[in-house]
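These notes are about the structure you will find just below.
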Amino acid sequence: MLDIRGLNEACGVFGVWGHKDAAEMAYFGLHALQHRGQDGAGMVVKNGDRLIRHRGSGLAADAFPQKTLDELKGTAAIGHVRYVMSGVHSQDGYQPRLFHFQKSSLAIGHNGSLVNSHELRHALESEGSIFQTSADSETLAHLIRKSSEPLLLDKLKASLKKIQGSYTFVLLTQKKLMAARDPQGIRPLVLGKLGETYMVASETCAFDTLGATYIRDVAPGEIVIIDDDGPRSDFIASDPGLRVCSMEFVYFARPDSNIDGINVHTSRKNAGRILAKEAPTPADVVVPSPDSGISAAIGYAEASGIPYEIGIIKNRYAKRTFIEPSQELRELGVKLKLSAVRAIVEGKSVVLVEDSIVRGTTSKHIVALLKEAGAKEVHMKVASPLLAHTCCYGVDLHTTKELIAYNRTTKDICRAIGADSLSYISEAGLVEAIGIPCSKGGGLCMACFNGDYPAGGGN
Ligand code: 5GP
Ligand code: SF4
Ligand code: MG
């Protein structure tokens, strides 16, 4: 896969308890969650009283050759796939992390980002903690270690209460598996079952791959504890209202996953339908930006009655460029990856459907490709609102200046990407498309669209 850095929310987590081939289960789970991070994969396996770890760079298949998997024997495991934030390429960034205190061991995998980690670290360091990495999971380990509560679960609860931001944590000890979702449920987490084996995952697609049954979404602020007696729950906070990341529906999650009861493909298709109503344009064909615009383009075509066509092909074998994500390399990356289908677009007026525009690099290139292949007009329709804010909950975008929407109107962006027209779905349109029943905060985090950060932080 090519490295087109944008709003990547970094990471997928998986956990399994009570299976004779826990490592294999974790491997397949991570494989299904691969879209959430392709830079590194890791797992910690419980073998009797020992926790064994293996981490490696690249895809799960690269990190876990069969020989390694054969050596990772155990009955429980947690796993992690990682998207490395720009600039951090050492193996040190790969998870899960494994900590040993006296006779006990604790492995932690994390998806998300804490907004008060700086303050927490500062306080811990003043009390004598020494950090080896900048990882949030290490902050959690120190908080747990420092807690005066007698039981691990209470230590974890007390620690999570001090943490602000987005997270799903999976934790493994010699005695149990624990999984926690942040009090706003910004990042997704689900619980599933295969026979007597219980598992947790960032997305339901991992259960489908394993033939497991989805039980339910882990609730905002819930900790699920799984041991040989099965799962039970505890809570960090009384539910302040779900604010799950809307970008999960727009881009991050796999279309076959369901998040908080909503199918991702269906929500994208709805967004396309609503976009066709909000921003109709007469055209000859509707073309998706592959692959992320496919679901919305189907919806747009259905609602507008304009035929859906494959007008751009993605080269699936384009090799990933594992180098610093400079703008120049990003542009080269896009060229290697996509080609227009001249026979479909030549002389046509094209509605091009994209899930989101972040920096505008891909969009500009796709518009140019279509025009070079003879498209008469290219009307860009975006199935998410204007993205004008950064995300502090685990997304790789440091300043709003990197966004094409920075200090630009829709008209300016349209000109910058070379399209004949540009329309975005409205905020209300996206909320309707996803269709999460509104709770206190509206059910969704939409902060990168409207600057309303549900768990603090922001800019
Ligand atoms: P841009 O036109 O901003 O260069 O690229 C945006 C497109 O890249 C999106 O439509 C999406 O398909 C893809 N993309 C790659 N990484 C990300 C990401 O982290 N977040 C979002 N929202 N889109 C991304
Ligand atoms: Fe998701 Fe909110 Fe971050 Fe946007 S700001 S990517 S909606 S968590
Ligand atoms: Mg896209």
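Note that ligands are numbered from 1 as they come in the structure, with each ligand's atoms numbered from 1 the same way.
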If the cut-off is 4.0 Å to any non-hydrogen atom of [X], which atoms of ligand 2 fall inside it?
{"X": "Tyr393", "answer": "8 (S)"}
{"X": "Cys245", "answer": "1 (Fe), 6 (S), 7 (S), 8 (S)"}
{"X": "Cys391", "answer": "3 (Fe), 5 (S), 6 (S), 8 (S)"}
{"X": "Met247", "answer": "1 (Fe), 6 (S), 7 (S)"}
{"X": "Ile186", "answer": "8 (S)"}

(message) Closer than 2.8 Å to atom 3 (Fe) of ligand 2: does that hold for any N, O or S atom in Cys445?
(response) no
(request) Would you check if the side chain of Glu248 reaches a backbone N or O of Ile259 as a donor-acceptor pair within less than 3.5 Å? (result) no
(message) Donor-acceptor pair, distance only, cut-off 3.5 Å: does the side chain of Tyr94 make one with the backbone of Arg97?
(response) no
(request) Among the N/O/S atoms of Glu354, select the one at the shortest distance from the Mg ion (ligand 3) and name it. (result) OE1
(message) I need the contact type for Leu444 against ligand 2. Using non-hydrogen atoms and a strict under-4.0 Å cut-off, is it side chain, backbone, both or neither?
(response) neither
(request) Report yes or no: do Asn270 and Ser267 form a side-chain donor-acceptor pair below 3.5 Å? (result) no
(request) Using the Mg ion (ligand 3) as the apex, give the angle to atoms OG (Ser292) and OD1 (Asp355), rounded to 10 degrees. (result) 70°
(request) Determine the minimum heavy-atom distance between Glu278 and Gly429, stating which atoms define it. (result) OE2-CA, 3.7 Å
(request) Cation-pi check, Arg121 to Phe131: give yes when NZ or CZ is under 6.0 Å from the six-membered ring centre and within 45° of the ring axis, no otherwise. (result) yes
(message) Quick check: Phe252 and ligand 1, any N/O pair under 3.5 Å apart?
(response) no
(message) Considering both backbone and side-chain atoms of Met247, is one of its nitrogen or oxygen atoms within less than 3.5 Å of a nitrogen or oxygen in ligand 1?
(response) no
(request) Could you check whether the rings of His31 and Tyr27 sit parallel, tilted or perpendicular, using 30° and 60° as the cut-offs? (result) tilted
(request) Could you tell me how the ring of Tyr453 sits relative to the ring of His389: parallel (under 30°), tilted (30 to 60°) or perpendicular (over 60°)? (result) perpendicular
Ligand-side contact atoms (ligand 1) for residue partner [X], heavy atom cut-off under 4.0 Å:
{"X": "Val358", "value": "1 (P), 3 (O), 6 (C), 21 (C), 22 (N), 23 (N)"}
{"X": "Thr361", "value": "1 (P), 2 (O), 4 (O)"}
{"X": "Ser363", "value": "2 (O)"}
{"X": "Glu354", "value": "10 (O), 12 (O)"}
{"X": "Gly360", "value": "1 (P), 2 (O), 3 (O), 4 (O)"}

(request) May I ask whether Ser246 has any heavy atom positioned less than 4.0 angstrom from an atom of ligand 2? (result) yes
Quick one: do [X] and [Y] make a salt bridge, cutoff under 4.0 Å?
{"X": "Asp260", "Y": "Arg181", "answer": "yes"}
{"X": "Arg273", "Y": "Glu302", "answer": "yes"}
{"X": "Arg187", "Y": "Asp182", "answer": "no"}

(request) Calculate, to the nearest 0.5 Å, the distance between atoms CG and OG1 belonging to Asp355 and Thr362 respectively. (result) 9.0 Å
